[in-house]
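Here's the structure, in structure tokens; my notes come after.
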Amino acid sequence: MGKDSRRRAKKESRRRRRIASACARENSVPPPTRILDVLPDDLIELILLRVRTTICLFRAAATCKPLRRVVAGDGFLHRFRAIHSPRLLLGHYCISNAKGMDDKTAVFVPSPPRPGNNLWQRLSLDFLPGPSPYSYTHERVLIDSRGGLLAFLQGNWDAVVCDPWTRQYKKLHFPWGGHDDCCYYFMGAFLLDASVDDDGGNGSPMSNFMLLCAYLVVDYYYDRVEVHACVFSARQDRWLEPPAGMDVGYGYYWTCDSGWSLRAGGSVFWFNHEGYMLAVDENSGEFSKFRLSAAPDDGLDYFRAYHLYDKHNIRVVGGGAESAVRIVCVADGNLEVLTRVHGASECTVERRVGLCQFAKIEDKPDQSWRFVDTDTTLAALLELGAFSPSSTFYFSLGVETMKLQRLDDRTTNLSAARVFPYEIPWPQTISACL
């Protein structure tokens with residue numbers, strides 16, 4: 001009996017050890033084979049937020065599910081856009097400036113040119129609606145591009161916002177009008193960066209865009225001119241209540257009616273031929289006005305001021321809404337850099353230098369200088385041209401570094417009146433691959 005009992009006990013012990021070993025094998029977790037298996041999502045997000053370009057981010061998201069899960073997470077793309085401006089430039093929409101041509105149709109030009117590529121067909125604008133039969137003008141003029149969207153002006157009363165990539169569009173009727181004693185004049189329309197929505201900022205551009213419109217109201221009854229701004233919200237599908245307008249006087253009337261504007265530092269700027277500038281804050285829609293360093297009442301005659309403060313002679317560059325913006329002027333062969341702090345009523349002269357001396361070229365009496373850049377997104381790198389009957393020179397100007405570099409004249413695109421960059425829309429299909 002003793003032997004049998006010990007035998008049975010050993011057999012039972014071996015059976016229990018086998019069961020315990022099998023359970024341990026079933027419950028054991030294999031050691032990690034990739035570093036992504038041990039990194040928390042928060043750390044992966046910090047790494048992906050430091051990826052240099054959007055195309056690198058898309059390639060990273062295509063490699064594995066852990067990276068796609070982080071990229072498709074709530075608010076990641078909005079945080080990435082806040083750090084990196086979208087730089088996946090597909091090309092430009094150009095408005096022709098050829099002699100003898102009045103055509104203002106925007107044509108897509110890939111950048112860089114791609115032989116045999118059908119991208120220009122994919123991004124053509126043939127899907128947009130034609131003008132209303134009741135419209136007094138048949139022109140549809142491209143006025144802004146931002147975030148993969150384009151904005152067009154149709155007459156003085158309508159705008160069209162479209163997404164060429166998805167071939168969607170929305171027609172908007174401007175909210176002004178209704179008073180017999182007033183005339184309304186369009187000053188400009190500008191696409192704003194969409195705010196974060198309920199899906200974390202990953203929604204369609206056409207579903208959450210915002211369009212800022214500025215216009216003049218000429219009141220003949222009270223003999224005054226006011227400037228106003230209003231914002232259309234695609235998410236709310238309506239024009240938001242505009243802030244109070246500002247009386248600008250008749251001195252601003254003719255210049256603002258030209259529709260030429262400059263955009264930098266979270267504001268849009270207009271100027272008149274009397275040496276004053278008008279600015280609207282993109283966030284609040286509130287206007288302010290200030291003067292440049294030399295105005296006609298400081299001894300500058302009006303005829304000379306008319307040619308001095310011209311769209312070819314002034315550019316505005318700057319940073320955030322609360323930081324100073326720089327106004328770069330070309331006048332009488334001199335380069336003048338002015339600084340305007342947010343909210344200030346006047347500009348201060350930061351630097352003034354003779355352009356011929358600065359560029360180290362011969363100073364000729366019949367030589368004229370002007371800006372030749374046609375890109376509407378003005379950066380801190382501008383292009384200048386020196387023109388005379390016998391020679392033409394082109395230069396790039398770094399406003400921050402104040403360095404002037406000679407350019408080959410073939411690198412400067414003067415074949416278009418205005419050039420609007422087009423950046424690829426952020427894809428909405430990453431989450432479908434999880």
Side-chain angles (χ1 to χ4, degrees), residues 92-98 142-145 188 190 255-256 258-265 267-273 275-279 292-294 304-319 325-340 347 349-361 363-364 366-388 391-421:
H92 297 80
Y93 282 93
C94 303
I95 300 177
S96 175
N97 194 31
L142 179 60
I143 52 179
D144 196 21
S145 66
F190 312 93
T255 305
C256 289
S258 67
W260 182 267
S261 58
L262 303 170
R263 190 175 185 178
S267 297
V268 182
F269 300 85
W270 295 263
F271 57 90
N272 71 355
H273 296 300
Y276 288 83
M277 295 198 77
L278 184 68
L292 300 176
S293 59
R304 181 164 167 263
Y306 185 87
H307 296 280
L308 178 62
Y309 299 109
D310 180 78
K311 65 182 181 181
H312 297 298
N313 298 337
I314 296 181
R315 292 293 184 267
V316 180
V317 297
V325 295
R326 288 184 173 92
I327 302 166
V328 188
C329 305
V330 174
D332 298 329
N334 295 319
L335 179 71
E336 193 174 65
V337 180
L338 311 174
T339 302
R340 190 239 178 181
C347 296
V349 179
E350 180 179 322
R351 185 168 182 180
R352 184 185 290 114
V353 62
L355 277 168
C356 290
Q357 179 183 1
F358 194 27
K360 298 180 181 179
I361 62 174
D363 188 0
K364 301 178 181 179
D366 56 354
Q367 187 167 253
S368 62
W369 289 81
R370 64 181 176 91
F371 289 105
V372 295
D373 49 84
T374 55
D375 195 329
T376 59
T377 304
L378 299 179
L381 189 65
L382 306 176
E383 292 186 7
L384 282 163
F387 303 92
S388 70
S391 63
T392 300
F393 302 100
Y394 298 102
F395 301 87
S396 67
L397 171 66
V399 180
E400 296 292 337
T401 61
M402 285 303 293
K403 290 185 178 180
L404 202 64
Q405 182 178 354
R406 179 82 171 268
L407 295 175
D408 186 341
D409 57 358
R410 290 173 296 180
T411 65
T412 303
N413 180 17
L414 296 177
S415 61
R418 299 192 76 183
V419 178
F420 296 82

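Position 1 is the first residue of the sequence; numbering continues from there.
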Just wondering, are more than 12 heavy atoms of other shown residues or ligands nearer than 6.0 Å to NZ in K364? yes
Say whether, by atom type as modelled, one donor and one acceptor occur between the side chain of S388 and the main chain of D366 under 3.5 angstrom. no
Less than 4.5 Å apart, side chain to side chain, heavy atoms only: is that true for L335 and L404? no
To the closest 0.5 Å, what do you measure between CZ (F393) and NZ (K360)? 14.5 Å
Exercise: identify the closest heavy-atom pair between W369 and G333: CD1-CA, 4.3 Å
Would you check if V268 and L262 make a side-chain contact, meaning some heavy-atom pair closer than 4.5 Å? no
Do F271 and V316 come close enough that some side-chain heavy atom pair is under 4.5 Å? no
How many angstroms lie between atom CG of L384 and atom CZ of R370, to the nearest 0.5 angstrom? 10.5 Å
Could you tell me whether the side chain of F387 reaches within less than 4.5 Å of the side chain of V372, counting heavy atoms only? yes
Mind checking the CZ-CG spacing from R315 to L397? Nearest 0.5 Å is all I need. 11.5 Å
Does F371 have any ring-ring contact (aromatic ring centres under 6.0 Å, His included) partners at least two apart in sequence or in another chain, and if so, which? none
Approximate separation, where rounding is to 0.5 Å, of R340 CZ and S267 OG: 7.0 Å
When every non-hydrogen atom of A264 is compared with those of F269, the smallest separation belongs to O-CE1, 3.5 Å
Nearest 0.5 Å, please: how far is CZ in R351 from CG in N334? 12.0 Å
M402 and V337, any side-chain heavy atoms less than 4.5 Å apart: yes
Go through the structure and list residues passing side chain to side chain donor-acceptor pair (under 3.5 Å) with S368, not counting sequence neighbours. none
Please examine the side chains of C347 and I327, heavy atoms only from C-beta on, and report whether any two atoms are closer than 4.5 Å. yes
Identify the heavy atoms of P421 and S145 that sit nearest to each other, and give their distance. O-OG, 2.8 Å
E383 versus Y394: any side-chain heavy-atom pair under 4.5 Å? no
